[in-house]
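Below is one structure, written out as structure tokens; comments come after it.
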Amino acid sequence: MWYDNVSLKTDYNYISSRIRLARNFDDALFPDKLSDAQAGQLVDNTIFELSNMSTDLGIHTSAKILDRVSEIDRMSMYDRKILNMTLAKKKTPTGIILSDDEDISVVINGDDHIRLQTISVGITLYDLLERANKIDDYINEHFEYAFNEKYGYLTTYPTNIGTGLRAAIVLHLPASTHSKGFSKLVSNVGRFGVSIRGLHGEGRENFGSLFEISNPKTLGISEKEIVDTVIKVANQLNANEGKLRESLINEKRLEKQDEVYKSYGVLKYARKLSLKDALSFLSSLMMGTADGLIELTNESKIYALMIGAQSSNLLKMTGRPLNEDEIDEIRAEYIRENIGDLK
């Protein structure tokens, strides 16, 4: 999967980049206005019309009807960043075309008729936008989009009207999270036209110290301006994180190294782990490997472990119902088996 290749360095704390495009068909009611029969027909027709996408675009994909997929599978797709929570819980006819590496997805009749996503490791928004636009053009050859000369692409939610583009970068910011001025910094970036949210909670309760920077609006601003702004703010946050980490390493190297080795010890030998503890210790280990405080044989898999350790993914992996204590036990076992050894 795409997330198996996340690799961080001291001056490079970018986890992933993502582009999403929202589109609707000109000749159909918006998803929330369709009957189940109409929605089912739209999904089936769209999958049929796009059935040659793999051959035509050179992308290996498969199609699924999401409302026929188990809730655990859908929640697992949420934790793997394929679906949002609304789509994971949606019961009415919805489809998805998904690439083998899960770096490309086309959700059909979700929030909009089409929600196209491209995602990859690092800071690659322009490459992803080019890829998304190529797929978008291909879909538009088969379906005419709802488009207004004044307002742009017409979408279910007003915040997506315009370009219909959401650009996002995920950063690992463990030092920034614990700095005194971080809350103020997060508040101030809003004036640049971006928003910052924790992936696993908010503020100091964001376990894992992962933050997503994205554009909250798409109207009255070009695709280039959106991408440039998100990249600019992400670079500023990354630079600030780099300075804080450098200061910590210079002033408290042994203390920070001790924290990292303790985190590794817990992850390597614990028999039960809550999600909160797993994400916190994995974040510490991710920082330690990036800053050269510890070396592991499997360090590129740390972010993948954050995804794999989510409850829905553990339930999917075991294939049976688990209570909370059993999930914590399976989580610890999963991490022990995949954390790697010290070099």
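Between L199 and M306, the closest side-chain pair of non-hydrogen atoms is not below 4.5 Å. Residues N133 and E223 have side chains in contact (heavy-atom distance under 4.5 Å, counting atoms from C-beta outward). Side-chain contact between M286 and I15: present, with at least one pair of heavy atoms (C-beta onward) separated by less than 4.5 Å. With a 4.5 Å cut-off on side-chain heavy atoms, I47 and I65 count as touching. No side-chain heavy atom of T218 sits under 4.5 Å from any side-chain heavy atom of T159. Using a 4.5 Å heavy-atom threshold, the side chains of S16 and W2 count as touching. Between Y303 and I307 there is a side-chain heavy-atom pair separated by less than 4.5 Å. Looking only at side-chain heavy atoms (C-beta outward), R115 and V106 stay at 4.5 Å or farther from each other.
T94 places no side-chain N or O within 3.5 Å of a backbone atom of D67 that could act as its donor or acceptor partner. In this structure a side-chain-to-backbone donor-acceptor pair under 3.5 Å is missing from R18 to T118. Counting only distance, with no hydrogens or angles, the side chain of Q257 and the backbone of L293 share a donor-acceptor pair below 3.5 Å. A donor-acceptor pair is defined here as one N or O able to donate and one able to accept, closer than 3.5 Å; such a pair exists between the side chain of N109 and the backbone of P93. One N or O on the side chain of S17 and one on the backbone of G122 form a donor-acceptor pair closer than 3.5 Å. Proximity of a side-chain donor or acceptor of E212 to a complementary backbone N or O of R197 within less than 3.5 Å is not detected. Using a distance-only test at 3.5 Å, with no hydrogens or angles considered, no donor-acceptor pair links the side chain of S280 to the main chain of G208. When atom types are taken as modelled, the side chain of K134 and the backbone of L57 share no donor-acceptor pair closer than 3.5 angstrom.
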Just do the side chain to side chain contact (heavy atoms under 4.5 Å, CB included) check on K301 and N338 with the steps written out, would you?
-> CA-CA 8 Å; K301 302 297 184 183; N338 293 279; over 6 Å; no
Take T46 and I97, measure what side chain to side chain contact (heavy atoms under 4.5 Å, CB included) needs, and give me the verdict at the end.
-> CA-CA 10 Å; T46 304; I97 299 173; 5.8 Å; no
Given side chain to side chain contact (heavy atoms under 4.5 Å, CB included), test M317 with I330 step by step and report yes or no.
-> CA-CA 10 Å; M317 179 181 69; I330 295 295; 3.8 Å; yes
Please walk me through it: do E71 and S312 pass side chain to side chain contact (heavy atoms under 4.5 Å, CB included)?
-> CA-CA 9 Å; E71 183 177 353; S312 62; over 6 Å; no
K243 and E246: salt bridge (Lys or Arg N to Asp or Glu O under 4.0 Å), yes or no, with the steps?
-> CA-CA 5 Å; K243 290 178 182 178; E246 183 179 3; over 6 Å; no
Stepwise, does the salt bridge (Lys or Arg N to Asp or Glu O under 4.0 Å) test hold for K272 with D325?
-> CA-CA 8 Å; K272 287 182 65 176; D325 285 339; 3.4 Å; yes
Could you go through the salt bridge (Lys or Arg N to Asp or Glu O under 4.0 Å) check for K268 and D341 one step at a time?
-> CA-CA 9 Å; K268 187 66 176 178; D341 298 316; 3.0 Å; yes
Begin with the C-alpha distance, continue with both residues' side-chain angles, and end with the deciding distance and a verdict on salt bridge (Lys or Arg N to Asp or Glu O under 4.0 Å) for D328 and R331.
-> CA-CA 5 Å; D328 289 349; R331 180 180 291 115; 2.9 Å; yes
Derivation of the side-chain hydrogen bond (donor to acceptor under 3.5 Å, both in side chains) call for D228 and Y126 = CA-CA 9 Å; D228 283 346; Y126 271 111; 2.6 Å; yes
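Residue M85 belongs to a hydrophobic cluster whose other members are M75, Y78, with links defined by side-chain heavy atoms closer than 4.5 Å. Connectivity analysis of hydrophobic side chains (ILVMFWY, heavy atoms under 4.5 Å, direct or indirect) links L98 to L66, M77, I82, L83, L87, I96, V107.
In the displayed structure, H60 atom NE2 is contacted under 6.0 Å by at most 12 heavy atoms of other residues, nucleotides or ligands. Summarising the local packing, CD of E144 is surrounded by 12 or fewer heavy atoms from other residues, nucleotides or ligands at distances under 6.0 Å. For E49, the CD atom counts as densely surrounded, since its 6.0 Å shell holds more than 12 non-hydrogen atoms of other residues, nucleotides or ligands. In this structure, E130 places its CD atom where only 12 or fewer heavy-atom neighbours from other residues, nucleotides or ligands lie under 6.0 Å away. Annotation: F147, atom CZ; neighbour count of heavy atoms from other residues, nucleotides and ligands within 6.0 Å is above 12. Counting non-hydrogen atoms of neighbouring residues, nucleotides and ligands closer than 6.0 angstrom, the CD atom of Q41 reaches no more than 12 such neighbours. Remark: K91 NZ is packed, more than 12 non-hydrogen atoms of other residues, nucleotides or ligands lying under 6.0 Å away. Within a 6.0 Å sphere centred on CZ of F192, other residues, nucleotides and ligands contribute more than 12 heavy atoms.
Minimum interatomic distance between T163 and I226 (heavy atoms only, all atoms of both residues): OG1-CD1, 3.5 Å. Across all non-hydrogen atoms, the minimal contact from N5 to V121 is C-CG1, 3.9 Å. Scanning both residues, L29 and K33, for their nearest heavy atoms gives CD1-O, 3.7 Å. In terms of heavy-atom proximity, P31 sits nearest to N24 at CD-OD1, 3.7 Å. Between L279 and Q310, the closest heavy-atom pair is CD2-NE2, 4.1 Å. Contact detail for I339 and L285: the closest heavy-atom pair is CD1-CD2, 3.6 Å.
If you take CG on L116 and CD1 on I108, they are separated by 11.0 Å, rounding to the nearest 0.5 Å. For the atom pair CG (N240) and OG (S179), the distance works out to 6.5 Å, reported to the nearest 0.5 Å. Atom-to-atom distance recorded for F281:CZ and L305:CG is 14.5 Å, nearest 0.5 angstrom. Considering CG of D44 and CZ of F48, their distance stands at 11.0 Å, rounded to 0.5 Å. If you take CD on E333 and OG1 on T318, they are separated by 10.5 Å, rounding to the nearest 0.5 Å.
In the hydrophobic cluster analysis, where Ile, Leu, Val, Met, Phe, Trp and Tyr join through side-chain heavy atoms closer than 4.5 angstrom, L219 is grouped apart from I221.
For the 3.5 Å distance criterion, the side chains of D111 and N160 fail to qualify, holding no donor opposite an acceptor. S76 and N313 are linked by a side-chain donor-acceptor pair at a separation below 3.5 angstrom, with hydrogens and angles left out of the test. In the model, T156 has a side-chain atom that pairs as donor or acceptor with a side-chain atom of D112 under 3.5 Å.
Look at R131 and D103 and you find a salt bridge, because one of the NZ, NE, NH1 or NH2 atoms lies within 4.0 Å of a carboxylate O, short of that distance. Between D73 and K316 there is a salt bridge, with a side-chain nitrogen of the basic residue lying less than 4.0 Å from a carboxylate oxygen of the acidic one.
Here the options are K252, R245, R253, the test is salt bridge (Lys or Arg N to Asp or Glu O under 4.0 Å), and the partner is D291; only R245 passes.
Classified by interplanar angle (parallel below 30°, tilted 30° to 60°, perpendicular above 60°), the ring pair F25/H113 is parallel. Classification of the Y14-Y12 ring pair by plane angle, with boundaries at 30° and 60°, yields perpendicular.
F143 has its ring centre no less than 6.0 Å from the ring centre of Y145.
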